[in-house]
Amino acid sequence: MNGEKNIRHLDLSSGRSNLGVVDMSKSGHSELDGHSGVPMSPSSAYAQKMLVGLPHCFLNAIVFCHWDNILGPRLEHVWYIQDRPEPHLNILRFITSQVLSGEICRELNTSCVDFKFFDIPDKGIVIPSFVFSARRGTDLGLHALALVIPDSELNLFLQVSAIMQTWCSRIISKFRVLLEKRDFSEEDMQSVSDWLFTFLQMLSSLQEARLPDTIHLSYTALCPSCNLEQDFLQQAIASHLMTFGRSIVVGRVPDRVNKVVHTLALFSWEAERVCSRLVVDGKHWPYAHDLFVQGILKNKDGSYDLPLGDLLYSKYPSTIIDVQKRDVKQSSSVSDHPHFSQAAVLEELTQLYNNTGQESSFTSVFQSADIPETLVRTLLDELHKLPVQSGIREAFVTHFMHLLQRKALALIKHVEVETQRGTHSLRGGLKKLRSDLHLPLEGDLRIVMATAEKLKPGLCQLLVGERRYDTEYLPNVPDLF
């Protein structure tokens, strides 16, 4: 940018600079725009911030815009990412118009967040965007949050699209609460910047600590040189499969944590490995909800940060594996988790609206993962009889995963017939289902049900519903409603 008038002044945000958010403020609305040299009017002015410390981020910017009943689509706020190309002002205005076009007749009295995706080859960008209505003071208006991604990163975006939508939907839910407050201030917008930075930090960590494309036996606890106890390993793998491939591995030594992460990744689908991460020595990333397998390093005193509210916010329950203590537990049962998740969302938004920073009120939601099963135990017994060379053991694990999918497909077809595609309740309940499918133990049924849920989402809710069929393994959980 040329000329002293076009220099943007960088000021560290007070009290939050450790989160990597830097203000990029303009000295006045009348100065020339740094990109185009066109004088900016008050109606065309917009705020800017720079998100720093994200070396592996693949986004160029994040745009917040809204529909003005007089001016039409209006750009309001832009978050740039350090060391990434800054989109030209004309591109930002094009994105604003593109995202909000065709939304003038949208029903505003709804809480839905619509996801829109644009691929603009001639401009070299793809634009995932989220359109939502929000009340600002007394006015109900249309808003949008758009992500600016170069088209060269399209394949990477498609791989992590699901988790990006989950995180952005949560941010927008909290953003709407702040917008509705009549005293919406710069401090509230700074909170949004912090949430976006945490979101991008998660994406950056997935690239920095990504799992390898091919996981060799030597990386895992299944190699002969590993001294991990058989019972602990069997319980960790079985619980990982029961909780829909969601696991958190905590420990003090990075190599030991990563060995367990690699082991669980063998029992994850290829798409799930992309949304998983290892640990990096010296980096204590916070827990990220809805990742599949992630490692967390303990502090020097043996503690680690695992927010219960975020844990319950995840779509499915998680397995927590403490490598150091050889402890395996689950965050909640499949029947209780939807209730806990809804309560966690309501609690978070209520505290945000009331401006209270209280800790989560959830207690005693964890349950033991010591559930009898034969599928994984038999697999490990047979696996140790095979030679280590030539990738035979890795192929045997792959065959086991295919076997689980075939069992899951059989369960899906059986349930479709017995319930007439969900129009009737399951005759005979889960005990008859277990008998018909020759799944002798409770853990076997849970593993196959979890696999079937990933193939046909909503199946577990159909089978379990509000019934607590697993009360034998559940602790006494207080009523939260």
Side-chain angles (χ1 to χ4, degrees), residues 209-270 272-281 285 291-298 302 304 306 318-330 368-404 443-444 446-447 450-451:
R210 63 183 303 172
L211 293 170
D213 296 332
T214 302
I215 299 178
H216 299 288
L217 196 70
S218 58
Y219 301 165
T220 72
L222 300 178
C223 63
S225 60
C226 183
N227 57 359
L228 208 61
E229 295 84 354
Q230 180 83 356
D231 289 341
F232 170 71
L233 183 60
Q234 175 264 329
Q235 191 177 92
I237 296 173
S239 183
H240 169 73
L241 294 173
M242 291 179 200
T243 54
F244 311 90
R246 264 67 170 198
S247 292
I248 306 155
V249 184
V250 298
R252 184 173 294 178
V253 182
D255 289 342
R256 295 179 182 176
V257 173
N258 286 337
K259 190 171 286 290
V260 177
V261 171
H262 280 125
T263 304
L264 298 179
L266 275 180
F267 296 87
S268 301
W269 297 1
E270 184 177 351
E272 297 172 351
R273 295 179 187 177
V274 180
C275 295
S276 303
R277 70 184 181 195
L278 302 164
V279 296
V280 176
D281 193 10
W285 287 311
L291 293 187
F292 286 90
V293 185
Q294 59 183 307
I296 295 180
L297 286 178
K298 290 185 175 181
Y304 58 93
L306 190 60
S318 300
T319 293
I320 300 95
I321 303 170
D322 193 322
V323 180
Q324 188 177 355
K325 296 181 179 179
R326 300 295 197 266
D327 178 56
V328 182
K329 56 188 176 183
Q330 297 176 1
S368 172
D370 187 14
I371 303 173
E373 60 83 30
T374 60
L375 292 174
V376 176
R377 185 173 296 277
T378 302
L379 167 72
L380 295 181
D381 290 340
E382 296 176 350
L383 198 67
H384 289 299
K385 299 175 183 178
L386 298 174
V388 181
Q389 298 80 12
S390 305
I392 296 178
R393 292 192 177 188
E394 293 95 325
F396 194 73
V397 173
T398 303
H399 173 73
F400 171 76
M401 296 300 293
H402 291 163
L403 176 65
L404 281 185
D444 296 332
R446 294 194 188 196
I447 291 174
T451 307

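Taking the side chain as every heavy atom from C-beta outward, V376 and I447 approach each other to under 4.5 Å. Between E394 and I215, every side-chain heavy-atom pair lies at or beyond the 4.5 Å cut-off. Looking at L278 and L211, their side chains come closer than 4.5 Å, going by heavy atoms from C-beta outward. With contacts defined as side-chain heavy-atom distances shorter than 4.5 Å, the pair I321/F232 qualifies. Taking 4.5 Å as the limit, every side-chain heavy atom of F292 sits out of range of all side-chain heavy atoms of L264. Residues Q330 and I371 have side chains in contact (heavy-atom distance under 4.5 Å, counting atoms from C-beta outward). Two residues are said to be in side-chain contact when any heavy atoms from C-beta on lie closer than 4.5 Å; R377 and L380 fail this criterion. Looking only at side-chain heavy atoms (C-beta outward), L233 and L222 come within less than 4.5 Å of each other.
For R256, the side-chain hydrogen bond (donor to acceptor under 3.5 Å, both in side chains) test picks out no residue, with sequence neighbours left out. Shown here are the ring pair (Phe, Tyr, Trp, His ring centres under 6.0 Å) partners of F244, two or more places apart in sequence or in another chain: Y316.
Taken to the nearest 0.5 Å, the CG atom of L297 stands 7.0 Å off from the CG atom of D281. Between atom NE2 of residue H216 and atom CG of residue L266 there is a gap of 11.0 Å, rounded to the nearest 0.5 Å. Here S268 contributes atom OG and R246 contributes atom CZ; the two are 10.0 Å apart, rounded to the nearest 0.5 Å. Between atom CE of residue M242 and atom CG of residue D444 there is a gap of 7.5 Å, rounded to the nearest 0.5 Å. We find the CD-CG distance between Q234 and L379 to be 10.0 Å, quoted to the nearest 0.5 Å.
Considering I237, V250, L228, V293 as possible partners of V260, the one that fulfils the side chain to side chain contact (heavy atoms under 4.5 Å, CB included) test is L228.
No side-chain donor-acceptor contact under 3.5 Å links R277 to the backbone of A209. Formation of a donor-acceptor pair under 3.5 Å by the E229 side chain with backbone atoms of D231 is not found in this model. Looking at S239, its side chain never comes within 3.5 Å of a backbone N or O of Q235 through a donor-acceptor pair. At distances below 3.5 Å, at least one donor-acceptor pair connects side-chain atoms of R393 with backbone N or O atoms of L383.
The minimum heavy-atom distance linking D213 with R273 is given by the pair O-NH1, 4.2 Å. Shown here for I248 and S318, the closest heavy-atom pair between the two residues is CD1-CB, 4.1 Å. When every heavy atom of T220 is checked against every heavy atom of C226, the shortest pair comes out as O-CB, 4.4 Å. Nearest heavy atom pair, residue T263 against residue A221, reads OG1-N, 2.7 Å. Residues V257 and I296 approach most closely at CG1-N, 4.5 Å, considering heavy atoms. Considering every non-hydrogen atom in both K259 and C223, the closest pair reads NZ-SG, 4.4 Å.
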Checking side chain to side chain contact (heavy atoms under 4.5 Å, CB included) for the pair L375/L404: CA distance, chi angles, key distance, verdict?
CA-CA 9 Å; L375 292 174; L404 281 185; 4.0 Å; yes
task = Kindly indicate, with the supporting measurements, whether the criterion side chain to side chain contact (heavy atoms under 4.5 Å, CB included) is fulfilled by Q230 and D381.
result = CA-CA 9 Å; Q230 180 83 356; D381 290 340; 4.0 Å; yes
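In this structure, F400 and F267 have perpendicular ring planes: the angle between them is above 60°, well past the 30° mark. Between F396 and H399, the ring planes lie tilted relative to each other; the angle falls in the 30° to 60° range.
For the pair D322 and R252, the salt-bridge criterion is not met [side-chain N within less than 4.0 Å of a carboxylate O].
Atom CD of E270 has 12 or fewer neighbouring heavy atoms from other residues, nucleotides or ligands inside a 6.0 Å radius.
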